[in-house]
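We're numbering straight along the sequence, starting at 1. First listed ligand is number 1; within each ligand, the first listed atom is number 1.
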Amino acid sequence: MQPFYVTTPIYYVNDLPHIGHIYSTVVTDTIARYHRLTGDPTRFLTGTDEHGQNIEKAAAAQGVTPIALADRVVSRYQDLYRRFEISNDDFIRTTQQRHRHGVEAIVARIAAAGDLYVAKHEGWYCASCEAFYTEKELDAEKRCPVHGTATVWESEDNVFFRLSKYAAPLRTHYAKHPEFVRPESRLAEVVSFVKAGLNDLSVSRSKVTWGIPFPNHPGHVVYVWLDALSNYVTALGFGSPDAALYREFWENPEGCRVHVIGKDILRFHAVYWPAFLLSAGLPLPTTVWAHGWWLRDEKKISKSVGNVVRPDELVERFGPDALRYFLLREMTFGLDARFSDEAFLARYNADLANDLGNTVSRVAALCRQSFGGTPNELCTDNDILRAWSPARADWQAAMEECAFSRALEALWKFLAQINGFVVSREPWKIRKEEGTSSPRLHRVLSAAAEGVLLAAAALSPFAPATSRKIFETFGLPAKEPSGADLEWGRLPLETPMPDQPALFPRADAGAYLSGKEGTMSDQTPVAPPAAPADDRISIEEFQKVKLSTAKITAAERVPKSNRLLRLQVDLGSEQRQMVAGIAAQYEPEQLVGRNVVVVANLKPAKLMGVESNGMVLAAAVGEAGAPVLVDVPADVPPGSKVK
Ligand code: MSP
């Protein structure tokens, strides 16, 4: 048993959560639940990254204060987390006082180490990354390697951190602790980056005001990444009078500290963060685990690409556990994976409705029909018990390596063994031949039910609600399992078994996919990725798009959607209903009477079951592409052509 601390990245508040964000959080939740299950004192942190230029700009564009924007997005994150049963112990916001005090304490320690100095800072800056790039890292057009968008040359007096001083200590650390970055291929990437030499890092910004004031440098705020990375210790009370959690989960030499991140933010976590910590004289994390990206159409799912998949609709239709399962089963942790509606439905029907759902309902139905409840005898000598030991060992070994897909495979193999056992023992035949008091019948079904309960306990980190339902089915309280539930012999005997609906009712994939009349992707208008010059279109092509002014006459939220608003718009000669993905940025009442630009000749589409006849245009602001409506002066009549 060792104190185990696990964190997600803290999320930017200029975008609502999409599948990629949910993935990081679900993975971290699964790791935390696994460690709690095995008895480790566990702490799980998530939160939001609320400072910086992008948020400042997105808020200004929406005419709200940055904190109002943050409050709105944070509550959406928290709603979704409740839905997904994310079991975080804390939620840090970088705008909280506790965080600010902790950041000030870290900066003070870095300053005391002599690692800060002021100098002119010039370089190629990507506003979306909030990071500078060297010429070598950019292409001929000086485009950002992550976003493919133009960087700009910036020059200002900044506070610098002596990152160069830490190149050698970092390399020593990587060599001594190969587990510091996982998977291995990512460690190689980090090592070669550091080997190429580290330049000192600018850690203050004077052109940004939305941030933590840089101690002793009036007019500067703390660089957003130094601010954000510090959350991992400020949330534990570092820099506050009560640092008990910090001592237990960060300073404790016995403890394990894991940051789960996406591969795009590896350098910040595996180079800058440990360098800041070395300078401040604080312990380093044990492991930075960089996962791959969810791709759609071969591109990273992201708002700036415009291909996002929101979890809302899938969760609504199939339940949070189905999506949790899919994300963890489909992606090999560390590698990229492709998201598609078809792949989701295939796994849903094959793995959840069939393999898991049918096994549970078959064993439960046999018990109910035979005894009206659970059997009256425990069976301690059978093939399922013998199969459990290797299954548990495979599951556990995979969980320890964060090989979630493999861990689930081990459980599914065990489910197949339970099924095989039931088929080969033919309990329905025993019942017919020997009656329901047959000890053999009780033993066979008790072995099968025990197997199902063990599988449910091991499944609980992935699909907590499903695991609870299975416990309930076999007469146990619907509770979080503990390590004891991984041991044989938990089945209560002669206990009534309540009737339960199917865990995962089979989905008609064809009907679902065609009923969507579109895709799960966000249909909010967003800027297309920077188009190469030969993607230009002719005036005739442009004229095919009928753009018109319109007045919004009514607006309301689409039920069960965090993102969509149903709008009634007046196009002069007709009234139309349109659905727009702007609920995070606009309250419905703000919109009534507003003049906007719409695409009037778009084929109808259904979003969350609501028909949309056209599209309201919005600018996509910042990396997250937060929609800002294109305004039209009040005196322009609705229905005017926009050309
Ligand atoms: N605010 C920073 C993190 C600071 S941590 C001290 C940030 N935020 S983010 O909201 O842009 O991204 C949060 C996480 O979501 C990152 O780990 C990122 O890799 C992950 N994902 C965003 N899109 C993703 C996919 N399409 N696929 C998988 N994860 C991706 O970065």
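F318 has its ring centre less than 6.0 Å from the ring centre of Y512. A centroid separation of 6.0 Å or more is found between the aromatic rings of H259 and Y5. In this structure, the ring of Y223 has its center no less than 6.0 angstrom from the ring center of Y272.
Distances between N or O atoms of I10 and those of ligand 1 include at least one value under 3.5 Å. Considering backbone and side-chain N/O atoms, D264 comes within less than 3.5 Å of an N/O atom of ligand 1. At a 3.5 angstrom cut-off on N or O pairs, I301 counts as close to ligand 1. Backbone and side-chain nitrogen or oxygen atoms of Y23 are examined, and none is located within less than 3.5 angstrom of a nitrogen or oxygen of ligand 1. Considering both main-chain and side-chain atoms, G262 comes within under 3.5 Å of ligand 1 through a nitrogen or oxygen pair.
Checked options F339, F404, Y348; the residue passing with F326 is F339 (criterion: ring-ring contact (aromatic ring centres under 6.0 Å, His included)).
Ion pairing between R406 and E401 holds under the 4.0 Å rule for side-chain N and carboxylate O.
The shell of residues lying under 4.0 angstrom from ligand 1, judged by heavy atoms, includes W225.
Close contacts of ligand 1 with A228, meaning ligand atoms under 4.0 Å from a residue heavy atom, involve 6 (C). Those atoms of ligand 1 that come under 4.0 Å of a heavy atom in G292, given as number and element, are 28 (C).
Classification of the H21-Y77 ring pair by plane angle, with boundaries at 30° and 60°, yields tilted. Using cut-offs of 30° and 60° on the angle between ring planes, the pair H35 and F4 is parallel.
When the heavy-atom distances from atom 5 (S) of ligand 1 to Y232, Y272, F268, F339 are ranked, the shortest goes to Y232.
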